[in-house]
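Here's the structure we're looking at; comments come further down.
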Amino acid sequence: MTAEQQALRMSVRGVLSRHTVDRSIAELTESTAGDDAKLWQMLCGQIGVAGLAVPERFGGLGAGLGEAHIVLDELGRTLTPAPMLGCAVLASQALLHSGDEAACRRILPDLVGGERLAALAWTDQHGDWDPHRPAFTATNGGRLTGEAHYVLDAPLADVLLVAASTPVGVRLFEVDPHAAGVRRRPVTTVDLTRRLGVVVLDGATGRQLGEVNPLERVRDIACVALSAEQVGAATRAVELTVAYALSRVQFGRPIGAFQAIAHRLADLHVAVESARSLSYAAVSSLDSDAPDAPLLAAGAAVHCAEALEQAAAQMIQLHGGIGITWEHDAHRYFKRAHGAAHLFGHPRAHLARLAEAVIGTQS
């Protein structure tokens with residue numbers, strides 16, 4: 001990383017440390033919306049995290065997806081329930097790739113400043129995140145009907161961006177969440193650090209944004225961004241497990257000194273570091289608009305999910321099979337691992353995309 005990127009990482013870690021001092025992940029998970037808003041304002045005001053991947057002409061910093069990746073990595077370490085993935089990446093990138101300059105100038109500055117939140121409503125109850133099969137349909141008059149599930153930050157969003165099928169293809173629409181025909185409800189998830197909701201539109205009025213379907217590109221960006229969270233969480237899970245193995249004494253020796261434990265920790269280190277390499281290669285490919293970007297995005301979606309699942313499972317086992325003990329954070333990393341693995345589609349779907357990309361490259 002460059003010196004600037006290292007400084008960004010330390011800055012984000014410092015803000016998170018100050019916000020979470022003397023507070024467990026459990027307390028943060030059960031925090032109120034006001035607590036979340038305060039932290040988000042700090043991250044946006046002091047560091048500008050929401051504007052890292054937004055061009056300067058829209059009020060952003062114009063840095064790139066790589067810098068946003070670093071922030072997501074740090075947020076993943078502490079399982080912080082912030083709207084970085086849903087608002088600053090998913091919704092903002094959908095808006096940018098819609099090609100609607102006027103809408104970007106109107107909406108993005110408030111998102112960058114942390115003054116408003118946006119949510120992208122896309123997939124149906126099956127959660128396949130198919131760019132060509134959104135949950136909503138639109139009439140020629142801009143009336144939207146349908147029901148979207150797994151909508152990140154849906155309960156708190158000030159702006160809804162809705163993907164809908166139209167007679168000319170899939171398009172993005174802007175919807176007022178408080179308008180007639182719009183209903184939102186939060187969803188209780190296994191991973192309580194992930195804020196999801198359902199959005200129901202019954203003839204709601206929407207304003208079309210742009211003349212292109214941005215979802216295929218946005219899905220790649222979302223999968224790579226999620227892989228950064230997964231790498232951060234996996235890294236922290238391994239750190240906590242190593243610390244426990246060096247402090248837990250059995251038969252007069254730390255359990256980390258036993259070969260069976262040391263080998264398992266070494267395997268975890270290799271898995272997490274290889275996942276980190278793939279995740280950062282994928283975001284670099286997206287930033288440079290390289291032709292292999294879809295291939296790396298699909299690979300990151302699969303491998304980083306597997307690395308976190310492995311790290312979280314071993315964390316529980318090497319803590320003596322601690323399981324779902326509410327006073328310890330092991331089960332929270334385990335729940336994040338399994339929830340994140342399915343967030344933007346089933347792993348089999350990403351494997352299928354990966355196979356298609358490989359076949360296309362070879363041909």
Side-chain angles (χ1 to χ4, degrees), residues 1 5-6 9-10 12-29 69-80 190-193 226-282 299-341 347:
M1 292 187 182
Q5 289 173 328
Q6 291 283 13
R9 181 183 294 280
M10 291 300 100
V12 173
R13 189 171 296 185
V15 170
L16 293 177
S17 297
R18 291 193 297 272
H19 182 75
T20 58
V21 65
D22 298 327
R23 301 176 72 190
S24 66
I25 292 179
E27 291 172 316
L28 294 173
T29 301
H69 210 70
I70 293 169
V71 176
L72 288 159
D73 189 335
E74 288 300 313
L75 292 172
R77 281 177 57 87
T78 53
L79 307 183
T80 302
V190 171
D191 175 13
L192 296 180
T193 65
L226 180 61
S227 76
E229 277 194 355
Q230 291 167 322
V231 165
T235 301
R236 185 57 179 159
V238 173
E239 289 174 357
L240 292 171
T241 306
V242 169
Y244 178 78
L246 295 177
S247 62
R248 175 73 167 88
V249 175
Q250 187 69 30
F251 305 116
R253 301 170 63 191
I255 63 172
F258 295 110
Q259 191 176 66
I261 302 296
H263 284 186
R264 290 169 78 172
L265 291 173
D267 289 342
L268 284 181
H269 175 74
V270 171
V272 172
E273 288 305 308
S274 64
R276 181 184 300 280
S277 295
L278 179 54
S279 179
Y280 278 83
V302 175
H303 185 49
C304 295
E306 290 177 346
L308 177 54
E309 288 181 319
Q310 182 183 352
Q314 290 296 325
M315 183 184 191
I316 288 176
Q317 291 302 313
L318 295 178
H319 276 79
I322 195 168
I324 311 300
T325 300
W326 203 252
E327 290 75 16
H328 196 278
D329 290 333
H331 73 98
R332 296 182 176 88
Y333 285 90
F334 187 79
K335 292 173 180 176
R336 167 63 69 92
H338 286 273

State, to 0.1 Å, how close [X] and [Y] come at their nearest heavy-atom pair, and which atoms those are.
X: Cys304; Y: Val231; result: SG-CG2, 3.9 Å
X: Arg253; Y: Ala257; result: NH2-O, 3.4 Å
X: Ile322; Y: Ala330; result: CG2-CB, 3.8 Å
X: Ala340; Y: Leu226; result: O-CD2, 3.3 Å
X: Leu308; Y: Ala234; result: CD1-N, 3.5 Å
X: Leu72; Y: Ala228; result: CB-CB, 3.9 Å

What I'd like to find out is whether the side chain of [X] reaches to under 4.5 Å of the side chain of [Y], using heavy atoms alone.
X: Ile261; Y: Leu318; value: yes
X: Val242; Y: His269; value: no
X: Leu268; Y: Met315; value: no
X: Lys335; Y: His331; value: yes
X: His338; Y: Val190; value: no
X: His69; Y: Tyr280; value: yes
X: Thr241; Y: Gln314; value: no
X: Leu79; Y: Asp329; value: no

Starting at [atom1] of [X], measure out to [atom2] of [Y] and round the result to the nearest 0.5 Å.
X: Gln6; Y: Met1; atom1: CD; atom2: CE; result: 6.0 Å
X: Arg13; Y: Ile70; atom1: CZ; atom2: CD1; result: 11.0 Å
X: Arg248; Y: Ile255; atom1: CZ; atom2: CD1; result: 6.5 Å

Would you call the rings of Tyr244 and His319 parallel, tilted or perpendicular if under 30° counts as parallel and over 60° as perpendicular?
->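 Rings of Tyr244 and His319: parallel, as their planes differ by under 30°.
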Pair Arg332-Thr193, side-chain donor/acceptor within less than 3.5 Å |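 Result is no, nothing qualifies.
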Test side-chain contact (heavy atoms from CB on, under 4.5 Å) on Arg236 and Thr78 and set out the steps.
-> CA-CA 8 Å; Arg236 185 57 179 159; Thr78 53; over 6 Å; no
Contacts of His328 that satisfy side chain to side chain donor-acceptor pair (under 3.5 Å) - sequence neighbours left out =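 If we apply the side chain to side chain donor-acceptor pair (under 3.5 Å) test to His328, skipping adjacent residues, there are no hits.
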Do the side chain of Ser279 and the main chain of Ala275 share a donor and acceptor less than 3.5 angstrom apart?
->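 Checking the backbone N and O of Ala275 against the side chain of Ser279, no donor-acceptor pair under 3.5 Å is found.
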Test side chain to side chain donor-acceptor pair (under 3.5 Å) applied to Thr235 and Arg276, Glu273, Arg77, Gln230, the passing residue |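 Single side chain to side chain donor-acceptor pair (under 3.5 Å) partner of Thr235 among Arg276, Glu273, Arg77, Gln230: Arg276.
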